[in-house]
Number of protein chains: 2
Amino acid sequence: MFQALADPTRRLMIERLCDGPASVSELAAPLAMTLSAVVQHLAVLEESGLVRSQKQGRVRTCQVDTQALRAAERWISERRALWEKRFDRLAAYLAENPEEPKEGSET
Amino acid sequence: MFQALADPTRRLMIERLCDGPASVSELAAPLAMTLSAVVQHLAVLEESGLVRSQKQGRVRTCQVDTQALRAAERWISERRALWEKRFDRLAAYLAENPEEPKEGSET
DNA sequence: TGGTTGGTGAAGCATGCACTTAAGTATCGC
DNA sequence: GCGATACTTAAGTGCATGCTTCACCAACCA
């Protein structure tokens, strides 16, 4: 999932797809690479659940699926919230105890 | 940035750091790999801006930086919102035009 | 019907990445 | 000062990834 978003080409493809559904060759047009390569990227995106596609005649039409995006968003925002809460507690603690005390909690 | 989040070990490190700051060896302890490897992961995390660290004596202490997380979150949520808006419009359009019409807009 | 378009699949290659080993440096405790 | 600790750095290895080429099939259309 993050793996899929890690590649810049794939992020471009996602951005393009946010503009509306597209066929494989439409998707490939602005990219300086073979159709084959694009199809391979597409496979990664589909496996990660970020994109769905269906074939009609000889044309495969792709569109983004926001469920996976939602999951990624949630992961990040949970971690961030967790840390920020902790950070706030620390700040409050430091405000009450201006000196830096010796650590001695874990192991 | 997404590249940095792509690796499961690095995500584990982030999760661990959300529990509070840690030294390099504390970070390495639960991971079945060399200190060296962990340091290399750490370098990636620092370059991506996800983690900051400072050395004091011979101990390097690490903590997450939420700014980068925020950026990632924003990227995702913008794309998602963009697509969902488009999807809504499409739904509305289909509701008004029950038949599937021929496409002929782009190129 | 035969050529063109749109996509598929396999094989190969070159680079990058995760990880290891090994050797080194700086600090801490005695 | 001396050994142990906590990293750091460099070099090397093996596997994953991104991409290409080429051969192929299926639909479209003139």
Side-chain angles (χ1 to χ4, degrees), chain A residues 1-17 20-64 100-107, chain B residues 1-17 20-64 100-107:
Chain A
M1 167 67 238
F2 283 113
Q3 186 68 277
L5 284 175
D7 186 90
T9 302
R10 287 197 287 267
R11 282 200 301 276
L12 269 182
M13 289 169 72
I14 293 269
E15 302 219 30
R16 165 93 197 206
L17 283 178
S23 72
V24 176
S25 23
E26 275 169 5
L27 219 45
L31 303 172
M33 70 182 66
T34 324
L35 232 194
S36 251
V38 173
V39 171
Q40 285 167 54
H41 279 301
L42 196 56
V44 175
L45 286 171
E46 289 209 56
E47 266 187 61
S48 78
L50 282 165
V51 167
R52 268 174 312 149
S53 76
Q54 53 205 351
K55 200 162 180 178
Q56 183 166 296
R58 56 182 172 168
V59 176
R60 174 171 299 279
T61 305
C62 317
Q63 52 179 256
V64 306
E100 43 215 68
K102 289 280 155 63
E103 264 253 326
S105 45
E106 247 107 320
T107 322
Chain B
M1 168 66 240
F2 282 113
Q3 186 68 278
L5 284 175
D7 186 274
T9 302
R10 286 196 289 267
R11 282 200 301 274
L12 269 182
M13 289 169 72
I14 293 270
E15 301 218 31
R16 165 94 197 208
L17 283 178
S23 72
V24 176
S25 22
E26 276 168 4
L27 219 46
L31 303 172
M33 70 181 67
T34 324
L35 232 194
S36 248
V38 173
V39 170
Q40 284 167 55
H41 279 301
L42 195 56
V44 175
L45 286 172
E46 289 209 56
E47 266 187 61
S48 78
L50 282 166
V51 167
R52 268 174 312 149
S53 76
Q54 55 206 350
K55 200 162 181 179
Q56 184 167 295
R58 56 186 170 165
V59 175
R60 175 172 298 279
T61 306
C62 317
Q63 53 180 257
V64 306
E100 43 215 69
K102 289 279 154 63
E103 264 253 327
S105 44
E106 247 106 323
T107 322

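Throughout, a chain's letter reflects where its sequence line sits, starting with A, and its residues are numbered from 1.
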Take atom [atom1] of [X] and atom [atom2] of [N], then tell me their distance rounded to the nearest Å.
X: B/E47; N: C/dG16; atom1: CD; atom2: C1'; value: 14 Å
X: B/L12; N: C/dA18; atom1: CG; atom2: P; value: 14 Å
X: A/Q56; N: C/dG7; atom1: CD; atom2: P; value: 12 Å
X: A/F2; N: C/dC17; atom1: CZ; atom2: P; value: 19 Å
X: B/M33; N: C/dC17; atom1: CE; atom2: P; value: 16 Å
X: A/L45; N: D/dG18; atom1: CG; atom2: C1'; value: 13 Å
X: A/Q54; N: C/dG7; atom1: CD; atom2: C1'; value: 16 Å
X: B/D7; N: D/dA16; atom1: CG; atom2: P; value: 14 Å

B/R52 side chain to B/Q63 backbone, donor-acceptor under 3.5 Å: no

Look at the side chain of A/S23 and the backbone N and O of A/E26, then say whether any donor-acceptor pair between them is shorter than 3.5 Å. yes

Nucleic acid footprint by protein, nucleotides 4-14 of chain D - heavy-atom cut-off 4.0 Å, B for base, S for sugar-phosphate alone: BBSBSBB----

Within the supplied structure, the quantity of interest is the number of heavy atoms (other residues, nucleotides, ligands) at a distance under 6.0 Å from A/E47 CD; does it exceed 12? no

Rounded to the nearest 0.5 Å, how far does CE of B/M13 lie from CG of B/D7? 9.5 Å

Quick check: closest heavy atoms across A/R10 and A/Q3, and the distance to 0.1 Å? NH2-O, 3.3 Å

Sub-4.5 Å side-chain heavy-atom contact between A/T61 and A/Q56: no

Out of C/dC17, C/dC19, D/dG18, which has the shortest distance to the side chain of A/R10? D/dG18

Please determine if a side-chain N or O atom of B/H41 lies less than 4.0 Å away from the OP1 or OP2 oxygen of C/dC19. yes

